[in-house]
Amino acid sequence: MASKTETLMTIEEMAERVAHELDGDYFVNLGIGMPMLVANHIKADKQIMFQAENGVLGVGPRAEPGAEDKDLGNAGDENVTVITGASFMDSATAFDMIRGGHLDSTVLGGFQVSESGDLANWKLPNRKLGSFGGAMDLAVGARKVIVMMKHVTNDGEKRIVRECSYPLTAKRCVSTIVTDIAVIDVTAEGLVLREIAPGWTPEDVQKLTEPPLIIDRAKPWTVQ
Amino acid sequence: MASKTETLMTIEEMAERVAHELDGDYFVNLGIGMPMLVANHIKADKQIMFQAENGVLGVGPRAEPGAEDKDLGNAGDENVTVITGASFMDSATAFDMIRGGHLDSTVLGGFQVSESGDLANWKLPNRKLGSFGGAMDLAVGARKVIVMMKHVTNDGEKRIVRECSYPLTAKRCVSTIVTDIAVIDVTAEGLVLREIAPGWTPEDVQKLTEPPLIIDRAKPWTVQ
Amino acid sequence: MNKVYAGFAEAVADIGDQATVMVGGFTGRGTPSRLLLALREKGPKNLTIVRNDASGGWKNPIDVDILIEAGMVKKVITCFAVFGSPKKVSRLERAALDGKVEVELVPQGTLAERIRAGGAGIGAFYTPVGVGTEAGVGKEVRVIDGREMLLEFALKADFALVKAYRSDSLGNLVYRKSARNFNPLMAMAAKTTIAEVEHIVEPGGIDPNDVMTPCVFVHRIVEAGNGE
Amino acid sequence: MNKVYAGFAEAVADIGDQATVMVGGFTGRGTPSRLLLALREKGPKNLTIVRNDASGGWKNPIDVDILIEAGMVKKVITCFAVFGSPKKVSRLERAALDGKVEVELVPQGTLAERIRAGGAGIGAFYTPVGVGTEAGVGKEVRVIDGREMLLEFALKADFALVKAYRSDSLGNLVYRKSARNFNPLMAMAAKTTIAEVEHIVEPGGIDPNDVMTPCVFVHRIVEAGNGE
């Protein structure tokens with residue numbers, strides 16, 4: 001793996017790649033943390049209504065210093081703005097929107113994704129307590145769940161696995177996984193390797209992926 | 001019964017008596033029909049926030065001719081006004097208020113009330129179809145349910161019965177019955193005759209009431 | 001992504017036979033009359049209608065009973081099927097007695113909550129309302145917190161016809177006074193929500209704090225003016 | 001019937017040991033900080049706290065974790081018990097690891113819905129969220145519409161501490177922007193709802209269309225100003 005380090009996609013490149021995956025989507029929730037970077041990579045000509053589960057539809061860029069509003073934040077407590085056409089709602093309505101299947105997609109971070117699309121992203125196995133946040137609702141409710149995570153852990157442990165060993169967030173919920181080396185779709189036939197980062201072969205990706213990948217449709221990484 | 005006709009309380013007198021029964025109550029729903037007359041008998045120095053289950057808290061008097069608002073009615077489609085401090089809400093919230101036990105009392109019409117406080121008020125037994133409206137929710141949800149009805153049917157059939165023969169609205173829900181001859185409380189000991197209309201004796205009232213009444217506490221009709 | 005339709009006919013053009021259609025409003029207030037007229041004109045058959053009151057007979061004469069009269073309805077899920085007085089027979093009552101329309105009668109709070117559940121992805125819920133009555137026949141009963149409760153299932157629809165006071169062109173809706181009622185709930189519970197609005201304004205014309213139905217729930221908007 | 005209290009201490013004076021207290025807010029936004037400070041001062045023991053996030057550590061330093069630190073809490077029902085990074089240990093995490101506080105972790109949408117159900121007289125509901133996860137352990141599963149769902153029960157409280165932007169003296173509340181969050185839900189679910197509001201206006205000062213929490217749900221109001 002060391003010899004490949006130079007061709008791992010950066011987090012910003014992953015975020016850009018996820019942004020491309022949102023083509024055609026309009027109502028989108030970005031999970032707390034890394035997924036929030038995706039907002040910076042939406043093309044100017046494309047409008048997306050970002051939902052924040054704390055009760056905002058139409059989250060805009062971060063507030064400029066000095067222009068923060070104590071009553072306006074996203075789910076990660078960042079000072080944000082809203083776009084024209086935004087709305088505020090209570091937490092029940094925010095989750096009606098999520099659970100009721102009204103969002104086109106959500107982007108979530110992940111610890112593990114299984115062959116069948118199970119997601120584990122809320123607690124490390126060695127930790128006693130965790131935080132569910134809104135991840136379980138988003139994973140179950142959004143029409144499309146995109147997971148954005150590094151392909152393996154810092155210790156080289158595989159994250160795309162036959163069965164998750166970490167505590168589950170939701171079963172059979174993931175549509176697509178964007179990692180630092182590949183874009184993989186979860187399908188009824190199995191995991192389909194759709195795109196590969198520059199310098200990687202399908203066989204390289206397979207070595208770092210526990211379940212078998214369907215590799216015959218693999219293409220180069222989409223650059224916008 | 002014919003000889004007593006002249007001493008039956010009128011509907012307006014019944015409404016006035018019910019109004020007195022609301023002393024200490026603040027959030028009150030008046031059912032469609034006869035109960036709506038109660039609003040006219042609330043003393044000027046006493047403020048009540050009337051709820052209408054179509055989504056109004058703070059219903060005021062009927063709109064003056066020419067001042068009707070097509071978007072403002074009560075549950076019976078009457079053109080009404082609102083008082084200062086009113087609020088509008090959707091039907092789910094209106095019934096959260098009702099079902100969740102937030103209303104002090106409701107006044108409902110009735111066909112029959114049983115000894116244990118069961119209420120039948122939504123359908124005559126010989127009718128195939130009926131309308132539930134909001135009566136079932138009000139009967140179950142309000143903290144106090146006052147039923148306002150004539151003591152017997154036009155055919156002289158008793159309406160305060162051991163068991164309701166008409167289709168039920170809710171079981172064990174009625175607190176107090178105000179009729180044209182008596183005020184009766186539903187208690188764990190049984191039906192307590194609290195007040196009697198002028199010219200009636202407890203025994204007279206008992207004759208027109210199927211279950212035994214506890215009559216030793218009976219007082220004259222309260223006149224405000 | 002343009003949600004603004006020029007005409008009512010266009011907005012209901014794909015409501016076909018067998019569709020389940022929710023119709024907002026409580027008596028005539030908040031009732032999308034123009035959409036109802038367009039739907040009658042379009043004339044699909046065997047509709048299932050979900051609506052607070054289906055008896056008609058209110059101040060606003062354009063109500064769901066015009067669809068019943070036109071023979072377009074096979075089933076109605078409602079709280080009000082008949083008038084209070086047995087002497088006045090509603091179109092729905094007559095059609096039901098003739099065996100032409102099936103009626104599912106639901107207590108009003110339960111109807112509101114079932115619709116909300118449908119939009120919210122809640123499968124079912126327990127309510128104390130209706131236990132021991134005709135509303136509870138055939139339903140599961142469970143004791144929760146010492147109280148008997150009925151299991152009631154979510155309601156969803158293919159289409160919701162709602163009426164709003166204002167909308168921006170993105171579909172953010174604001175209702176006025178008691179015309180709100182079932183409209184925000186139904187807007188959430190349908191695959192396609194069609195809003196008849198009095199005034200359409202530009203995006204930004206509605207304060208985000210004042211939006212009552214966020215645009216994610218609304219798919220088509222038609223401006224009606226307020227002259228009904 | 002006067003709901004306006006002069007001080008925060010007075011408003012929380014009857015919150016006693018063993019009480020269940022819901023606290024509005026999401027991170028620091030919409031959090032009733034002044035009421036929390038007054039409650040810490042009052043010092044009841046063995047409280048059960050219901051709150052979206054209980055980890056503290058947000059921009060607003062006055063959060064429910066000040067009650068945990070003060071040893072007043074026996075149980076917390078929340079979505080956020082710990083920080084994302086295991087390196088930063090929340091007061092709740094430490095107290096829980098020490099066996100001093102019990103934590104019931106709930107998915108956020110389920111928490112919102114359980115609180116709403118508590119206020120709405122709904123006993124329980126079925127949600128697809130949490131099936132097959134730790135959130136579903138020991139809970140009934142039922143297949144509805146082809147989907148596995150968990151049975152979740154309503155949550156109620158003795159007291160709700162909420163934060164609003166404006167109120168009239170009758171207790172009609174208006175929230176501002178994303179500070180709304182759990183506040184309207186909790187206001188409905190408690191026997192006694194105490195609102196910390198920035199500005200109290202006369203009755204009539206709020207348009208009836210704009211009221212977000214009708215006054216029937218609010219029992220005490222204290223004016224805080226907006227200078228926190």
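Numbered from 1 within each chain, the chains take letters A, B, ... in sequence-line order.
In terms of non-hydrogen atom pairs under 4.5 Å with chain C, the most contact-rich of D:L151, D:D210, D:V174 is D:L151. Annotation: maximal heavy-atom pairing with chain D below 4.5 Å, among C:P128, C:A154, C:G123, occurs at C:G123. Put simply, of C:I122, C:V129, C:D207, the one with the most heavy-atom pairs under 4.5 Å next to chain D is C:I122. Your options are C:Y126, C:F153, C:F125, and the one with the most heavy-atom pairs under 4.5 Å with chain D is C:Y126.
C:N46 CG: more than 12 foreign heavy atoms inside a 6.0 Å radius.
Proximity to chain C (any heavy atom under 4.5 Å) is restricted, for D:R142, to the side chain, taken from C-beta onward. Heavy atoms of C:Y175 lying under 4.5 Å from chain D belong exclusively to its backbone. If you measure heavy-atom distances from C:R180 to chain D, the contacts under 4.5 Å come from the side chain alone. For a residue to count as touching a neighbouring chain, one of its non-hydrogen atoms must lie under 4.5 Å from one of that chain's; by this rule C:E152 does not touch chain D.
Contact detail for C:N209 and D:M212: the closest heavy-atom pair is O-CE, 3.4 Å.
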